[in-house]
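Dumping the structure here so I can ask a few things about it.
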2 protein chains.
Amino acid sequence: MSDDASGDPLEDARQTFVRSWGALGTSWGVSRTMAMIHALLLVSDVPLSTDEVMAELGASRGNANTNLRELVGWGLVRRVIVEGERREYFEAEKDVWTIFCTIARERKRREIEPALALLESCLAGTKGLRSAKAKAFHKQLTELAQFVQTANSVLERISASEQSKVIPAILKWLK
Amino acid sequence: MSDDASGDPLEDARQTFVRSWGALGTSWGVSRTMAMIHALLLVSDVPLSTDEVMAELGASRGNANTNLRELVGWGLVRRVIVEGERREYFEAEKDVWTIFCTIARERKRREIEPALALLESCLAGTKGLRSAKAKAFHKQLTELAQFVQTANSVLERISASEQSKVIPAILKWLK
DNA sequence: CAGCGGTTTCGGAAAGTATCGAAAGTCATG
DNA sequence: CATGACTTTCGATACTTTCCGAAACCGCTG
């Protein structure tokens, strides 16, 4: 069950989507399994259990468990408890805007802020130097830092906004 | 030469910057060496030869060559020929805004557009289906596709704009 | 057309990650 | 407090990516 070319067009499309999304994920620095689980939950209309995820993707329990937990850690997936069931179920946040904001926030925290810290520290370490080389170095890093800082603020501002306020503005600006 | 803790604060800062930037690069899906070479060229006030890059980073010729070529392919680094020298030199684009636009364009081409294509194809494959499940699937993918498409357009629009037009607008909006 | 400075390619080694599968842990319940 | 249902952890393994070093290549010049 749920193999390739099942004959059911919907099932086929799901499979294709989930697998290809997993493949694409790797180029964004997300592990294949994690991307696949996320895709799977995204297009599932009901919450899935660890076992269902395992079955659907052919992944091991450990792998499924780890990646589900990580997705919960990113805030992209919620644990849901089903009345009368002991087993835990998982569902993905479905709203695309919310997903975007969550990812933006997390990447900001995990990747942009460390970069900023690095830049600041390198700048601090060369603050007093007066040689031409030092000045050039300082200037380049300053520009970089300023840009990253701006990007950071933009992401922060955007992801703190209401979708209904931002999207229309963007669409208008695009035109 | 050019080891850790050389005693020269500028050299130390450069080393720190280059190495740490390399480390950070991996979490953005860029290989360590490539990120390091880019960082190195970014803060170098003169173009560097393959051999200088090798020496500075302790990388092999093959590795240096491959990554330099790749950086040229991304449009982040230019080959420069020095009058009377046979050897090729490399210099990085220094302007941060230009760098941003280049990266945005490339990632768009390499990563966003394939994702869009995937989404479109999955949508096409389920167009006629009328079951509730199919509709839900279709709706979810449509929302995702729309969002990605918008993001794509935004990147395109921004990276085609003049820095002088965009940055002030952004700064004003941020306030 | 041989020698030389320089670049590119390539097979194999090494490093780094993701994944598995089994064992250990947790927790409500009878 | 023992049991069974489920979750988490963890060492070993498989796979992917990166990197090295040497060999092949290229084009100029004498």
Side-chain angles (χ1 to χ4, degrees), chain A residues 18-41 46-74 76-91 110-111, chain B residues 18-41 47-74 77-91 110-111:
Chain A
V18 169
R19 294 187 185 181
S20 312
W21 200 256
L24 279 173
T26 64
S27 51
W28 281 100
V30 175
S31 100
R32 185 161 46 254
T33 309
M34 192 165 137
M36 278 169 47
I37 294 181
H38 189 219
L40 181 61
L41 291 176
V46 293
L48 300 181
S49 67
T50 301
D51 294 78
E52 287 166 313
V53 170
M54 288 165 60
E56 198 87 33
L57 302 181
S60 75
R61 182 172 302 282
N63 196 16
N65 178 266
T66 303
N67 283 291
L68 279 168
R69 197 140 32 83
E70 188 121 344
L71 281 168
V72 171
W74 274 72
L76 294 168
V77 164
R78 287 180 291 271
R79 293 170 197 274
V80 300
I81 44 173
V82 176
E83 179 70 40
E85 282 260 23
R86 188 122 158 223
R87 187 191 309 248
E88 278 180 330
Y89 286 77
F90 298 89
E91 76 181 357
R110 303 181 191 208
E111 287 146 20
Chain B
V18 169
R19 295 186 183 180
S20 312
W21 199 257
L24 280 173
T26 64
S27 51
W28 281 99
V30 175
S31 97
R32 185 160 45 254
T33 309
M34 191 167 137
M36 277 168 49
I37 295 182
H38 189 220
L40 181 60
L41 291 176
L48 301 181
S49 68
T50 301
D51 295 79
E52 287 167 313
V53 170
M54 288 165 59
E56 197 87 33
L57 302 181
S60 77
R61 184 170 302 281
N63 194 18
N65 179 267
T66 304
N67 283 292
L68 278 168
R69 195 141 33 83
E70 187 119 347
L71 280 168
V72 172
W74 274 73
V77 164
R78 286 181 291 270
R79 292 170 199 274
V80 300
I81 45 174
V82 176
E83 180 70 39
E85 283 257 24
R86 193 127 158 218
R87 186 192 307 251
E88 277 181 331
Y89 285 77
F90 298 89
E91 76 181 357
R110 304 179 189 209
E111 286 145 21

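Excluded from the calculations below are hydrogen atoms, water molecules and symmetry mates; all remaining heavy atoms, backbone and side chain alike, are included. Worth saying up front: this structure is predicted, and the values here are computed from it rather than measured.
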> Of all the nucleotides listed (C:dT19, C:dG6, C:dT8), which has the minimum atom distance to the side chain of B:Arg79?
Replying inline: C:dT8
>> Among C:dT9, D:dG21, D:dC6, which nucleotide has an atom closest to any side-chain atom of B:Arg69?
In response: C:dT9
>> In this structure, how many angstroms lie between the P atom of D:dG27 and the CD atom of B:Glu88, rounded?
In response: 13 Å
> Backbone N or O of A:Val82 within a donor-acceptor pair of the A:Glu85 side chain at under 3.5 Å?
Replying inline: no
> Under 4.0 Å: is that the gap between some side-chain N or O of B:Asn65 and OP1 or OP2 of C:dT7?
Replying inline: no
> Quick one: B:Asn63 CG to C:dT9 P, roughly how many Å, whole number?
Replying inline: 14 Å
> Under 4.0 angstrom, heavy atoms only, what part of the nucleic acid is B:Thr26 near: base, sugar-phosphate, or nothing?
Replying inline: nothing
>> So A:Gly58, base contact, sugar-phosphate only, or nothing? Heavy-atom distance under 4.0 Å.
In response: sugar-phosphate
> Nearest-Å distance, CD1 (B:Ile81) to P (D:dC28)?
Replying inline: 12 Å
>> Treating B:Asn65 as the side-chain partner and B:Arg61 as the backbone partner, does any N or O pair qualify as donor plus acceptor under 3.5 Å?
In response: no
> Do the side-chain N or O atoms of A:Arg86 get closer than 4.0 angstrom to the phosphate oxygens (OP1, OP2) of D:dA5?
Replying inline: no
>> If I take atom CG in residue B:Asn67 and atom P in nucleotide D:dT17, what distance separates them, rounded to the nearest angstrom?
In response: 15 Å
>> Please confirm whether the shortest side-chain N or O distance from A:Thr50 to OP1 or OP2 of D:dC6 is below 4.0 Å.
In response: no
>> Measure CZ/B:Arg87 against P/D:dC28 and give the value in whole Å, please.
In response: 18 Å
> Can A:Arg78 and A:Tyr89 be said to form a side-chain contact (heavy atoms from CB on, under 4.5 Å), step by step?
Replying inline: CA-CA 8 Å; A:Arg78 287 180 291 271; A:Tyr89 286 77; over 6 Å; no
> More 5' along DNA chain D: A:Thr66 or B:Arg32, using each one's nearest nucleotide?
Replying inline: A:Thr66
> Looking at the side chain of B:Ser60, which of D:dC20, D:dC6, C:dG21 is the nearest nucleotide?
Replying inline: D:dC20
> Is the cationic atom of B:Arg69 (NZ for Lys, CZ for Arg) positioned less than 6.0 Å from the six-membered ring centroid of B:Trp74 and within 45 degrees of its normal?
Replying inline: no
>> What is the distance, to the nearest angstrom, from the CG atom on A:Leu48 to the P atom on D:dT7?
In response: 13 Å
> Are any side-chain N or O atoms of A:Glu52 and backbone N or O atoms of A:Ser49, one a donor and one an acceptor, separated by less than 3.5 Å?
Replying inline: yes
> Starting at CH2 of A:Trp28 and ending at P of C:dT17, how long is that distance when rounded to a whole Å?
Replying inline: 20 Å
> Quick one: B:Leu68 CG to C:dG6 P, roughly how many Å, whole number?
Replying inline: 15 Å
